[in-house]
Amino acid sequence: METKDPIIKFAVLDKILNLARANSLWPVTFGLACCAIEMMTTSMARFDIARFGAEVFRPSPRQADLMIVSGTVTKKMAPTLVTLYEQMPSPKWVIAMGNCAISGGPFVFKGQYNLIEGVDLLVPVDVYVPGCPPRPEGLLEGLMKLEEKITGTRRFPKPEQKW
């Protein structure tokens, strides 16, 4: 399940491959709840996720290298999520989008019985995008954080901190 580092490393080639991977992420379509609406909005013309090379949402995990988990993960859905993650070829990344995917969100209460309180309990998460639901700009910032994690450098300037 975990990815292993390669035995032989080619420094320059690895940098080129990582740059190519960061600029051509192929997300698997995996919307579970209302955050998926914001994910779809991100791919529309106004926010245009294609500018960042992640416009090709794939219906099959075998063709994807990024899983954006957006929404509430229930115990019934958990085995499916893990199976889809395991079917993705390496290297692969996961973005947890929204408070429900990160920690269960507003559905966590004493006595609840059917909720996974964080997708990181099932699969390793690379980037967390908080919000309920997060705006498309938040998902785009999450993509840039993932690109930064893959390449080690940030391609775009950081957003202003207003508070």
Please tell me whether Leu19 and Met144 are part of a single hydrophobic cluster in this structure, the criterion being side-chain heavy atoms less than 4.5 Å apart.
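Not linked; separate clusters.
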Do the side chains of Leu115 and Val123 join up, straight or via other hydrophobic residues, at under 4.5 Å, putting them in one cluster?
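No, Leu115 does not connect to Val123 through the hydrophobic network.
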Work out which heavy atom in [X] is nearest to a heavy atom in [Y]; give both atom names and the distance.
{"X": "Leu140", "Y": "Phe47", "value": "CD1-O, 3.9 Å"}
{"X": "Val108", "Y": "Ser103", "value": "CG2-O, 3.4 Å"}
{"X": "Cys35", "Y": "Gly98", "value": "SG-CA, 3.9 Å"}
{"X": "Ser24", "Y": "Asp65", "value": "O-OD2, 4.1 Å"}
{"X": "Ala96", "Y": "Val119", "value": "CB-CG1, 3.7 Å"}
{"X": "Ala64", "Y": "Pro27", "value": "CB-C, 4.0 Å"}

Any heavy-atom pair between the side chains of [Y] and [X] that's under 4.5 Å?
{"X": "Leu143", "Y": "Leu66", "answer": "yes"}
{"X": "Glu137", "Y": "Arg135", "answer": "yes"}
{"X": "Cys100", "Y": "Ser70", "answer": "no"}
{"X": "Leu139", "Y": "Met39", "answer": "yes"}
{"X": "Ile102", "Y": "Pro130", "answer": "yes"}

Nearest 0.5 angstrom please: [X] [atom1] to [Y] [atom2], how far?
{"X": "Arg58", "Y": "Met88", "atom1": "CZ", "atom2": "CE", "answer": "12.5 Å"}
{"X": "Thr151", "Y": "Lys15", "atom1": "OG1", "atom2": "NZ", "answer": "10.5 Å"}
{"X": "Ile95", "Y": "Tyr128", "atom1": "CD1", "atom2": "OH", "answer": "12.0 Å"}
{"X": "Asn23", "Y": "Asn18", "atom1": "CG", "atom2": "CG", "answer": "11.0 Å"}

Can Glu147 and Ile150 be said to form a side chain to side chain contact (heavy atoms under 4.5 Å, CB included), step by step?
CA-CA 5 Å; Glu147 286 180 7; Ile150 295 170; 5.7 Å; no
Linking Ile, Leu, Val, Met, Phe, Trp and Tyr through side-chain heavy atoms less than 4.5 Å apart, which residues share a cluster with [X]?
{"X": "Trp26", "result": "Val56"}
{"X": "Ile37", "result": "Met40"}
{"X": "Ile16", "result": "Val12"}

Counterpart residues, salt bridge (Lys or Arg N to Asp or Glu O under 4.0 Å), relative to [X] (two or more places apart):
{"X": "Glu141", "result": "Arg154"}
{"X": "Glu117", "result": "none"}
{"X": "Lys149", "result": "Asp126"}
{"X": "Glu55", "result": "none"}

Do side-chain atoms of Asn99 reach the backbone of Gly131 as a donor and acceptor pair under 3.5 angstrom?
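The answer is yes, because a donor-acceptor pair under 3.5 Å joins these two groups.
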Backbone of Tyr85 reached by a side-chain donor or acceptor of Lys92 within 3.5 Å:
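Indeed, once roles are kept as given, a pair shorter than 3.5 Å links the two residues.
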Output side-chain donor-acceptor pairs under 3.5 Å for residues 73-83, partner residues at least two apart or in another chain, one line each.
{"residue": "Thr74", "atom": "OG1", "partner": "Met77", "partner atom": "N", "Å": "3.3"}
{"residue": "Lys75", "atom": "NZ", "partner": "Tyr113", "partner atom": "O", "Å": "3.4"}
{"residue": "Thr83", "atom": "OG1", "partner": "Pro79", "partner atom": "O", "Å": "2.8"}

Working note: Val125 + Val69, criterion side chain to side chain contact (heavy atoms under 4.5 Å, CB included); need CA distance, chi angles, decisive distance, verdict.
CA-CA 9 Å; Val125 174; Val69 180; over 6 Å; no
List for me each residue that meets side chain to side chain contact (heavy atoms under 4.5 Å, CB included) alongside Ala20, sequence neighbours excluded, and say none if there are none.
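Result, side chain to side chain contact (heavy atoms under 4.5 Å, CB included) vs Ala20: none returned.
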Residues that Phe57 engages under ring-ring contact (aromatic ring centres under 6.0 Å, His included), provided they are two or more places apart:
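Partners of Phe57 by the ring-ring contact (aromatic ring centres under 6.0 Å, His included) criterion come out as none, since no residue qualifies.
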Assess the residue pair Thr72 and Leu32 against the criterion (side chain to side chain contact (heavy atoms under 4.5 Å, CB included)); give the C-alpha distance rounded to whole Å, side-chain angles, the decisive distance to 0.1 Å, and a yes or no.
CA-CA 6 Å; Thr72 308; Leu32 295 170; 5.8 Å; no
Excluding sequence neighbours, so at least two apart, what forms side-chain hydrogen bond (donor to acceptor under 3.5 Å, both in side chains) with Asp14?
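Scan of Asp14 (side-chain hydrogen bond (donor to acceptor under 3.5 Å, both in side chains), adjacent residues dropped) gives none.
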Residue pairs fulfilling ring-ring contact (aromatic ring centres under 6.0 Å, His included) with at least one residue in residues 87-112, sequence neighbours excluded
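Every pair satisfying ring-ring contact (aromatic ring centres under 6.0 Å, His included) with a residue in residues 87-112: there are none.
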